[in-house]
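Numbering starts at 1 and runs along the sequence shown. Nothing here was measured: the structure is a model prediction, and the numbers come from that model.
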Amino acid sequence: MTEIKEIGSLCSVDDKGNIINQSDPKKINNKFREVIQRINESCLSVLPKEIHSIYIRGSVPRGLDIEGVSDVDAIIVTYSDPQDIDLDWVEETEQFIDQEFSFINGVELGFCPLSEVEESNYCSMIPFILKTYGVCVYGENLISKLPDYKPDSSLANEHLIHLTSLIDKAKHDLTGNNDIEDIKDCCSWIMRIIVRAGLALVIVQERSYTRDLYPAHKLFSKHYPEKEQEMRTALWYAINPLLNSEEVLKFLNHFGNWMKEEAENWLKVYNPKKEMHLPL
């Protein structure tokens, strides 16, 4: 089991309150460069004319990777809508690269259309991630062209507007599920979403942001001390996912439902029309 470590930090902001990207290609550990090269080669071999650019996000481009714990998250920007592209090869490629490099804890290849990245009037999660956490490892670097982002209600909305549907999806996927690996993946995925949503609930008050789970849990607990233990449990399950779907469902039906209600209360105040994206 992986112990909860008091690691991670809040994003730095400039004198205008904009989040500063602390990722840098120079911070990437040399052994991860080979993984990134393999990701690039794999994607370009299948989609040679579709890929505009490729980015790495997460702990690796910040030089904060932990051997055996850190995964490699890539965002591939495509000219076409990914829904119109055959991506059946992606899961097998992720597994192949993960097995090839023993020091990583998985590979995630996410796809985003160029049209979404070029949106500059509204807060949208993928452009936000690129601007504040990403580095370009192939193609035309779009990061400097993206708008600045502040830790505010527009950003919080990105985490909260879909929370109910995401928890409901996790419940649906877990019900009657006996595939241990599938249960683990789903548990880790939804618990990370819950921990980050907890931070989103207090972004407006704190004017702070992080994707790191431990400081997200701490800021949430500052405002919801009565829920600190349950959020800490969500953090624990994010890094030590459960193997039993019924146990995950039990937690989601209790704390997950409370988070859904709290997110709905937040939306009533900051986004009563429930718009998918709020203006910057």
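Counting heavy atoms of neighbouring residues, nucleotides and ligands inside a 6.0 Å radius, atom CD of Gln83 does not exceed 12 of them. Heavy atoms from other residues, nucleotides or ligands lying under 6.0 Å from CD of Glu91 number 12 at most. Around atom NZ of Lys145, no more than 12 heavy atoms belonging to other residues, nucleotides or ligands sit under 6.0 Å away. Within 6.0 Å of the NE2 atom in His223, the count of heavy atoms belonging to other residues, nucleotides or ligands exceeds 12. Atom NZ of Lys171 has more than 12 neighbouring heavy atoms from other residues, nucleotides or ligands inside a 6.0 Å radius. Within a 6.0 Å sphere centred on CD1 of Ile180, heavy atoms belonging to other residues, nucleotides or ligands number 12 at most. Dense packing is recorded around CD of Glu100, with more than 12 heavy atoms of other residues, nucleotides or ligands lying under 6.0 Å away. Remark: Phe103 CZ is packed, more than 12 non-hydrogen atoms of other residues, nucleotides or ligands lying under 6.0 Å away.
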Worked check of side chain to side chain donor-acceptor pair (under 3.5 Å) between Lys250 and Asn244: CA-CA 10 Å; Lys250 183 179 178 181; Asn244 185 299; over 6 Å; no
From CA spacing to verdict: side chain to side chain contact (heavy atoms under 4.5 Å, CB included), Ile104, Val60: CA-CA 10 Å; Ile104 63 175; Val60 172; over 6 Å; no
Step-by-step side chain to side chain donor-acceptor pair (under 3.5 Å) determination, Tyr224 to Glu262: CA-CA 11 Å; Tyr224 294 91; Glu262 206 62 20; 3.0 Å; yes
Candidate pair Leu142 and His52, rule side chain to side chain contact (heavy atoms under 4.5 Å, CB included), full reasoning: CA-CA 10 Å; Leu142 295 169; His52 174 277; 3.6 Å; yes
Verdict with supporting geometry, Met191 and Val248, side chain to side chain contact (heavy atoms under 4.5 Å, CB included): CA-CA 10 Å; Met191 295 305 168; Val248 187; 4.0 Å; yes
Check against side chain to side chain contact (heavy atoms under 4.5 Å, CB included), Leu242 and Ile183: CA-CA 7 Å; Leu242 292 165; Ile183 294 167; 5.5 Å; no
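Between Pro82 and Pro113, the shortest heavy-atom distance links the atoms CD-CD, 3.6 Å. For Asp98 against Asn105, the heavy-atom pair with the smallest separation is OD1-C, 4.1 Å. Nearest heavy-atom pair across Asp86 and Asp88 is OD1-N, 3.0 Å. Residues Ala200 and Ala156 share a closest heavy-atom pair of O-CB, 3.4 Å. Here the shortest heavy-atom pairing between Ser208 and Leu219 reads CB-CD1, 3.9 Å. Here the closest heavy-atom approach between residue Gly8 and residue Pro215 is recorded as C-CG, 3.8 Å.
Using a 4.5 Å heavy-atom cutoff, the side chains of Leu130 and Arg57 are not in contact. In this structure the side chain of Lys227 never reaches within 4.5 angstrom of the side chain of Met259, judged on heavy atoms. Side-chain contact between His277 and Asn157: absent, with no pair of heavy atoms (C-beta onward) separated by less than 4.5 Å. Considering only heavy atoms from C-beta on, Thr132 stays 4.5 Å or farther from Cys11 through its side chain. Annotation: side chain of Trp89 is in contact with side chain of Leu47 (closest heavy-atom distance under 4.5 Å). Between Ser154 and Tyr122, the closest side-chain pair of non-hydrogen atoms is not below 4.5 Å. Asn141 is not listed as a side-chain neighbour of Ser53, based on a closest heavy-atom distance of 4.5 Å or more. Inter-residue side-chain proximity for Ile194 and Glu230 is flagged as unmet; no heavy-atom pair is nearer than 4.5 Å.
Between His217 and Tyr214, the ring center distance clears the sub-6.0 Å criterion. Between Trp236 and Phe251, the ring centre distance reaches or exceeds 6.0 Å. A centroid separation of 6.0 Å or more is found between the aromatic rings of Tyr237 and Phe255. Remark: aromatic rings of Phe32 and Phe101 are distant, center separation not under 6.0 Å.
In this structure a side-chain-to-backbone donor-acceptor pair under 3.5 Å is missing from Glu228 to Ser221. Using a distance-only test at 3.5 Å, with no hydrogens or angles considered, a donor-acceptor pair links the side chain of Asp152 to the main chain of Leu155. In this structure, Asn257 contributes its side chain and Asn253 its backbone to a donor-acceptor pair below 3.5 Å. Glu108 contributes no side-chain N or O that, together with a main-chain N or O of Asp71, makes up a donor-acceptor pair within less than 3.5 Å. For Asn18 (side chain) and Asp14 (main-chain N/O), no donor-acceptor pair under 3.5 Å exists by modelled atom type. Looking only at distances, a side-chain donor or acceptor of Ser245 sits under 3.5 Å from a matching main-chain atom of Asn177. Panel note: side chain Tyr133, backbone Arg211; a donor-acceptor pair is recorded below 3.5 Å.
Atoms CG and CG, on Asp173 and Asp168 in that order, are 11.0 Å from each other to the nearest 0.5 Å.
Ion pairing between Arg38 and Glu41 holds under the 4.0 Å rule for side-chain N and carboxylate O. For Glu206 and Lys222, the salt-bridge test passes: some basic side-chain N is under 4.0 Å from an acidic carboxylate O. Salt bridge status for Arg62 with Asp212: present, with a side-chain N to carboxylate O gap under 4.0 Å.
Of the candidates His159, Arg196, Lys150, His159 is the only one forming a side chain to side chain donor-acceptor pair (under 3.5 Å) with Tyr209.
Taking Glu92 as the reference, nothing meets the salt bridge (Lys or Arg N to Asp or Glu O under 4.0 Å) condition, with sequence neighbours excluded.
By the 6.0 Å and 45° rule, Lys131 does not stack over the aromatic ring of Tyr149.
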